[in-house]
Amino acid sequence: MKPLHSQKNSFRYLQLLTGLLFFSVSVFQNSSDIYSQVVNVSVDNGIYDFLEKMNLKGLIKLDDEVKPFSRNYIAGKIIEAVNLIAEKKSALNSLEIEELKFYSREYKFEIDFLLSSSLSIQSSYVMNFFSDLNERWYLLGYSDSLFNIKFSPIASYGISAANKLSGHSRSIGISTYGSYSDWFGFSFDLRDKGEFGDNVDKKKYFSPLRGAWTKGAPNGIEYSDVKGSINFNWKWGSISLIKDYLQWGHGKFGQLILSDKSPSYPHIRLQLKPVEWLRFSYIHGWLSSQIYDSAYFYNSYPGSISQTLIKSYIPKYIAANIVTLSPLQWLDVSAGNAVIYGGELRPEFFLPFMFYKFLDHNSGRGDVNDANGVMYFDIAVKYPVNFKWYSTLLIDVTEIRNILDNDFRNTWIGFTLGGKSIDLIIDNLDLSIEYTRINPWVYEHKNEVTNYKHLKYPLGHWLGQNADQFRIQFDFQLLRGLKFKLYNEYIRKGGLEEIYYAYSGMKIIDLPFLYPPLRTENRLGFEFIYEYLHDLILKGSYVYSDINDQESAREPVFMIGSKNSYSITLFYGL
């Protein structure tokens, strides 16, 4: 067993955090600068694309390097857009006005709250725009001057085919969120899911689809997706205990810093925006290492016929921060760092404003149970109007002296370059182009416990190490709620040698980018999505894929070669 004092220290850290949290709540509740409650919106929601379009048209300023957004933040941006429309009148076309009204009904409670508490006088156009709209329908809901709560069912059923193979999927669950007064918000979302048939990618290790901790089922898999949060906030910041998906950094087809590829994990989140041109985010999360900790094994009901060996995993955590400067209306520059560590909770990683990698050296750990640190930079240029250019650089390992000697073997980096243009040639036609490259060994570490993963899925880009992706995509909206996308992407994935060759073995063999065995994939896809009513969504796709892999054992056999794949799914609550 591990020393008892270690367990006591971990307990004391949790007591300290709990005390700070409730002290903060008491301060915020009595503060005169309280703003409004935080309830986060899923990163899958169509509101993100809509707000991005309003941003690129110059109607709103959008802080989009960190997601998810809160319902209150979204409501504020909708009001901001309507205010500017009142001045310009012709800023949006008729379809976009319909979309704006659609989302205004979704966030009607938050919009009314913000308008009623605003000290500024709103124009008659703004007041009339929102007063003519009714709030969307919920299965159950209640609201008064202090308390608001909403309940919605979740259900879906879909069918799919890949050449002669077929399958189906289903999900069922419930979603609820609410708030009290103007400083507290909460949410809960539970989905029980299943995928069945001959064309199920059970692990999804090399797929943009989210990973999951699954259990076997007849001819398929079953798994749960559970999210929840409690949130406290004040005028220029918020603190949350939350289990949800994150996206940090710009990237339309995957994010290098933090993405929603891995299953969600519980974390403490701090967000600050003391002035308009500066914002800061921090998380401390609890991950799963999937590495056994034999020191904590024990027998349940020892000496009886019910005796069972109970196993434990080595604890694993993440701490990460990102700070963003916006010196110009159209320019956002971000930088930050993250650390993965295992074993005991370490109090120094609860310091939000910190360069974490140096803490190993400064605390005398050196290479003894050291953490895995990464740093990153992100930039977005939204200029001229209707255009966006962005890039992310993630540095896992680097040594300046080696770079100066023109030796890049021990430089592990990944980067994304991308651009987007909206209303290209005709209204409602958008073009996105993006390239991502991730060098060998990025996200890995000599200690498997501290690799940049949760439940064996990357915390960053779904491509993982030794891979690249080029994608070009057209998006077109025909009607309110009806969107189409046409894309082509080319993906390469190299070998996945033992981590030994990144350290001691580096002197034996130099493994270049995309060293074999090589996997190549060419995909041509068409998708549509139609949200007829709020949360009632029909989604369909066709994909032609041509996959060649020199190591076919690393993915399901049915995916290899040329395939035509089809799917159609009906959702209530995406």
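Note that the numbering runs from 1 along the sequence shown for the chain. Just so we're clear, the structure is a prediction, and the values are computed from it rather than from any experiment.
There is no side-chain donor-acceptor pair under 3.5 Å between N372 and T450. In summary, the side chains of E65 and S334 do not present any donor paired with an acceptor at a separation below 3.5 Å, with no hydrogens or angles considered. Between S152 and S175, the side chains place no donor N or O within less than 3.5 Å of an acceptor N or O (distance only, hydrogens not considered). A donor atom on one side chain and an acceptor atom on the other are not found under 3.5 Å apart for K420 and S432.
Considering only heavy atoms from C-beta on, N466 stays 4.5 Å or farther from I438 through its side chain. Taking 4.5 Å as the limit, some side-chain heavy atom of L393 sits within range of a side-chain heavy atom of I395. Side-chain contact between D468 and T436: absent, with no pair of heavy atoms (C-beta onward) separated by less than 4.5 Å. By the 4.5 Å heavy-atom criterion applied to side chains, V39 and N72 are not counted as neighbours. Counting only heavy atoms from C-beta outward, the side chains of F377 and V333 never approach each other to under 4.5 Å. Counting only heavy atoms from C-beta outward, the side chains of E110 and R71 approach each other to under 4.5 Å. At least one side-chain heavy atom of P440 sits under 4.5 Å from a side-chain heavy atom of F513. Side-chain atoms of L114 and I79, non-hydrogen and from C-beta on, do get closer than 4.5 Å to each other.
A cation-pi contact, defined as under 6.0 Å to the ring centre and within 45° of the axis, is absent between K108 and Y103. Judged by a 6.0 Å distance limit and a 45° cone about the ring axis, R437 is not positioned over the six-membered ring of Y435. Taking the ring axis of Y292 as reference, the NZ or CZ atom of K311 stays within 45° of it and closer than 6.0 Å to the ring centre. The cationic group of K261 does not satisfy the cation-pi geometry with Y457, failing either the under 6.0 Å distance to the six-membered ring centre or the 45° limit from the ring axis.
The salt bridge (Lys or Arg N to Asp or Glu O under 4.0 Å) test applied to D189 returns R191, not counting sequence neighbours. W248 is linked by a ring-ring contact (aromatic ring centres under 6.0 Å, His included) to nothing, counting only residues two or more places apart in sequence or in another chain. Take K77 and apply the salt bridge (Lys or Arg N to Asp or Glu O under 4.0 Å) test, not counting sequence neighbours, and it matches E80. With sequence neighbours left out, the side-chain hydrogen bond (donor to acceptor under 3.5 Å, both in side chains) criterion links K61 to D332. Legend: residues meeting side-chain hydrogen bond (donor to acceptor under 3.5 Å, both in side chains) with N321, ordered by chain and number and at least two apart, are N337.
The ring-ring contact (aromatic ring centres under 6.0 Å, His included) test with Y341 is passed by exactly one of F350, Y452, Y317, W286: Y317. Partner of Y245 under the side-chain contact (heavy atoms from CB on, under 4.5 Å) criterion, out of D44, D225, L258, N40: D225 alone. Only one option out of K446, K456, K316 pairs with N451 in a side-chain hydrogen bond (donor to acceptor under 3.5 Å, both in side chains); it is K316.
Taking 4.0 Å as the cut-off between side-chain N and carboxylate O, D260 and K67 do not count as a salt-bridged pair. Ion pairing between a basic and an acidic side chain is recognised when a charged N comes within 4.0 Å of a carboxylate O; R269 and D244 show no such pairing. A salt bridge between R279 and E276 is absent, with no side-chain N of the basic residue lying under 4.0 Å from a carboxylate O of the acidic one.
Residues F69 and Y73 bring their aromatic ring centres within 6.0 Å. In this structure, F186 has its ring center at least 6.0 angstrom away from the ring center of Y177. Side-chain rings of H267 and Y265 approach one another, their centers coming within less than 6.0 Å.
In this pair, Y503 and H445 present their aromatic rings perpendicular. The plane angle is above 60°, beyond the 30 to 60° band.
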Step-by-step side-chain contact (heavy atoms from CB on, under 4.5 Å) determination, D63 to K273: CA-CA 10 Å; D63 306 335; K273 189 175 181 181; 2.8 Å; yes
Residue pair N233, D182: steps toward the side-chain contact (heavy atoms from CB on, under 4.5 Å) verdict: CA-CA 8 Å; N233 65 286; D182 52 4; over 6 Å; no
Stepwise side-chain contact (heavy atoms from CB on, under 4.5 Å) test for S288 and L455: CA-CA 5 Å; S288 177; L455 288 168; 3.6 Å; yes
Derivation and outcome, side-chain contact (heavy atoms from CB on, under 4.5 Å), residues N45 and E106: CA-CA 12 Å; N45 197 289; E106 171 70 45; 5.9 Å; no
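Distance check, rounded to the nearest 0.5 Å: CD1 of I149 to OG of S179 gives 9.5 Å. A distance of 6.5 Å separates CG of D293 from OG of S312, quoted to the nearest 0.5 Å. Distance OG1/T324 to CG/L278: 8.5 Å, rounded to 0.5 Å.
Here side-chain hydrogen bond (donor to acceptor under 3.5 Å, both in side chains) pairs that include residues 379-395, with residues two or more places apart or in two chains, are E52-K388, N55-K382, D64-K382, D64-K388, D378-T392, Y390-E434.
When atom types are taken as modelled, the side chain of K493 and the backbone of Q465 share a donor-acceptor pair closer than 3.5 angstrom. A donor-acceptor pair is defined here as one N or O able to donate and one able to accept, closer than 3.5 Å; such a pair exists between the side chain of S289 and the backbone of I291.
Closest non-hydrogen pair, S229 versus S187, comes out as OG-OG, 2.6 Å. For L56 against V385, the heavy-atom pair with the smallest separation is O-CG1, 3.5 Å. For F232 against F184, the heavy-atom pair with the smallest separation is CE2-CD1, 3.4 Å. Contact between Y443 and G464 at its shortest, heavy atoms only, is CD1-CA, 4.2 Å. Across A319 and F349, no two heavy atoms sit closer than the pair CB-O, 3.5 Å. Of all heavy-atom pairs between G414 and V442, the closest is N-CG2, 4.3 Å.
In the displayed structure, E448 atom CD is contacted under 6.0 Å by at most 12 heavy atoms of other residues, nucleotides or ligands. Applying the 6.0 Å contact sphere to OH of Y501 captures no more than 12 heavy atoms from other residues, nucleotides or ligands. Within 6.0 Å of OH on Y298 lie no more than 12 heavy atoms contributed by other residues, nucleotides or ligands.
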